[in-house]
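What follows is one structure encoded as structure tokens, with my remarks underneath.
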2 protein chains.
Amino acid sequence: MYKPATIKDIALALNLSPSTVSRALRDGYEISEETKKLVVAYAQKVNYKSNPIALSLKNKRSYSIGIVIPRLANSFFSQAIAGIESIAHERGYFTIITQSHESAERERANINHLAQRSVDGLLISISSEASDFSFLKALHDDGMPMVFFDRTIDEIDTFKVTSDNRKGAYNATESLIKAGKRKIALLASASHLSITNERRSGYQKALVDYGLPFREDFIRYCNEGGNNYQEVEDAVKGLLTMADKPDAIFISADRISIGCVRALKNLSFDTKEIAIAGFANSDVVDLLQPSISYVKQKSFEMGQIAIEMLLKLIEAKYPITEFETRVLDTELHLVQ
Amino acid sequence: MYKPATIKDIALALNLSPSTVSRALRDGYEISEETKKLVVAYAQKVNYKSNPIALSLKNKRSYSIGIVIPRLANSFFSQAIAGIESIAHERGYFTIITQSHESAERERANINHLAQRSVDGLLISISSEASDFSFLKALHDDGMPMVFFDRTIDEIDTFKVTSDNRKGAYNATESLIKAGKRKIALLASASHLSITNERRSGYQKALVDYGLPFREDFIRYCNEGGNNYQEVEDAVKGLLTMADKPDAIFISADRISIGCVRALKNLSFDTKEIAIAGFANSDVVDLLQPSISYVKQKSFEMGQIAIEMLLKLIEAKYPITEFETRVLDTELHLVQ
DNA sequence: GTGAAAGCGCTAACAT
DNA sequence: ATGTTAGCGCTTTCAC
């Protein structure tokens, strides 16, 4: 069995008490230099590492933070995680990543598990399926620090970071209009997600600003958020077989953008006929054919800001009551 | 502060001893039905959840397994993780994911941290930078169960799963030959990785089998494994500016395949001029332009097999001494 | 300057 | 059928 050296082992070997060893190891002021040296040297020799499990139990503090996201396979999230870890590790925190696969139940199980594992705080981007946040609210009321990023919820008052989804959607839609398109459809993610609403609102505003009609029949929702390709293809096909069909599509979610590109290809539509622009953070969007204009979010930076906020919350001496919501700019990349 | 109910709380409230409560909760045979009901009901009421930290400390068993991979952003790995989790969760295990970003030091820190956290076992795909495996070997000798997948090492005798890299590379190279190419270059990952060698060997065999010369000057290594685009572009440019330049490139690593596609685009080469085929697991390879034939690994399945092996190791009643290495077929997807 | 003892939440021998 | 005790590895009063 794998059995690392413990403080007790060291104490025994050196004929000291465990408490002395503990203090020496953590450079306690009361311990003589001599003893410290002795202990540190021996600890080094037997490759002693403090046991985080025991520490967690003792201190109710684990120096680990839990990350709750829908899917790792979504580039936006893997980029955000890189941002989170870049700071968390530097500050001595360990990260535990869990994915919900957009399932509310799995998300709940993950969050509960993390809470039990006594993570010091939670970084959450909510699943598309989730609708009941009472357990999260209870956890928050119980004092569990949490920060929401990208997909936030209104029900809980805490720090949040998102992108300027409205403006990003506005810009993308506007670019289609400026390219001469007049009948722009919207392909969106689950209708109750915060980001879906914000992006739809930006889309709508662009239409209105440019004197174009906002048509309900031009909107299609993919509730599985693009993780089911067929759902996306059906939606695209639905749009493109309309008697009065759109000449462009704005797609308001990452994975659906990819699905839409594939659908155009499979349905043999050309982007000359039907232009597309959508949110996408994959690092290969610019290489896709059919081509797509895309709105890119500052994922890495968002991760960094989120963890900074969480650490502020965790390490605060006094309870924080004033919460900020940071909104990051997006970048529009036009095709050609 | 967030403070969940403990067994002691329940015992106090019900005027029982902690051990009775503990036994009742775990349906111990010695406890009367009546008491059980009482305890379970109360536990339910106060939303009692056992504390995994305390359990880990007590049992030296955490029901969690550590995953060590180079990068989350690599589709192959996120797919493998999905496979791992699909089984781990079902069997009641929690997964902790860490990425090394191909850094040997980060990898070592991650592994040590996981070991300290008393994970029950490790699922490892080695970083490209790693070369010293003595600490891993020591950990293994100490009894830490581990299984290697995809990027394995010979130094440690345990269960392993990989793809048939040699055959995959052979098939891809062969497809280029059959398409009429005669001067096929090799763009490879770090030269000491197990997979790099296997794939190079398959590439070489195809050349030999078809009577083509194996040319050292047609081989380029990207030691950063495609995570540094410039390195890839430089390599591609190097090949394509040779006096006697190749008419095709076989790429032996996932991220480098993507980098090569981008390089061809940036350097304005067409795949009519220079055909490419490479290992790639991204779910959008087939949509890329310039187009690329690709070898896909069974990532999800590999993850599933790896975790099955690890659980076998963890849950074994008697020490296992006979280790299997599973080799999975790859799928070749031709362009057009 | 160092040691003894208690306790974090839980379980398992060992009483009763 | 239930309670007592000790201990997992660590820290932290409180003694000396």
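Quantities reported herein were computed from a predicted structural model and do not represent experimental measurements. We use all heavy atoms of the structure for the numbers below, so side chains are in, but hydrogens, waters and symmetry mates are not. In what follows, every chain begins at residue 1, and chains take the letters A, B, ... in the order their sequences are listed.
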Tell me, yes or no, whether the heavy-atom count around A:Glu105 atom CD, taken from other residues, nucleotides or ligands under 6.0 Å, exceeds 12.
no
For B:Ile53, which contact category applies under a 4.0 Å heavy-atom criterion: base, sugar-phosphate, or nothing?
nothing
Check: B:Glu107/B:Gln99 side-chain N/O donor and acceptor closer than 3.5 Å:
no
Interface limits on DNA chain C, where chain B has a heavy atom under 4.0 Å of a nucleotide atom:
C:dC8 to C:dA13
Can you measure A:Lys58 atom NZ to D:dT12 atom P for me and round it to whole angstrom units?
7 Å
B:Ile97 and side chain to side chain contact (heavy atoms under 4.5 Å, CB included): which partner among B:Ile67, B:Leu123, B:Asn110?
B:Ile67
Let me know, please, whether B:Tyr29 or B:Asn59 comes out on the 5' side of the other along DNA chain D by nearest nucleotide.
B:Tyr29
Return whichever of A:Ser32 or B:Ala54 has its heavy-atom-nearest nucleotide of DNA chain C closer to the 5' end.
A:Ser32
Does any part of the side chain of A:Leu139, heavy atoms only, come nearer than 4.5 Å to the side chain of A:Lys137, both counted from C-beta?
no
Any base atoms under 4.0 Å from B:Ile7, or only sugar-phosphate, or nothing? Heavy atoms, all strands.
sugar-phosphate
Name the nucleic acid region contacted by A:Ser56, choosing base, sugar-phosphate or nothing; use a 4.0 angstrom heavy-atom cut-off, strictly under.
nothing
Give B:Thr6 one of three labels, base, sugar-phosphate or nothing, depending on what nucleic acid heavy atoms sit under 4.0 Å from its own.
sugar-phosphate
Has the side chain of B:Thr35 got a donor or acceptor that lies under 3.5 Å from a partner of the other kind on the base of D:dT2?
no
Side chains of B:Met309 and B:Lys160, heavy atoms from C-beta outward: is any pair under 4.5 Å?
no
What's touching nucleotides 14-16 of chain D from the protein side, N or O pairs under 3.5 Å?
none

Value in whole Å for how far the P atom of D:dT2 lies from CG of B:Leu25
14 Å
For a quick check of understanding: with a heavy-atom distance under 4.0 Å over all strands, which category does B:Leu57 fall into, base, sugar-phosphate or nothing?
base
Base, sugar-phosphate, or nothing: which does B:Tyr48 touch, judged by heavy atoms less than 4.0 Å apart?
sugar-phosphate
Once you apply a heavy-atom cut-off of 4.0 Å, does B:Asp9 come out as touching a base, just sugar-phosphate, or nothing?
nothing
If only side-chain N and O atoms count, and only distance matters, is there a donor-acceptor pair under 3.5 Å linking B:Ser75 with B:Ser78?
no
Do other residues, nucleotides or ligands put more than 12 heavy atoms under 6.0 Å from B:Glu324 CD?
yes
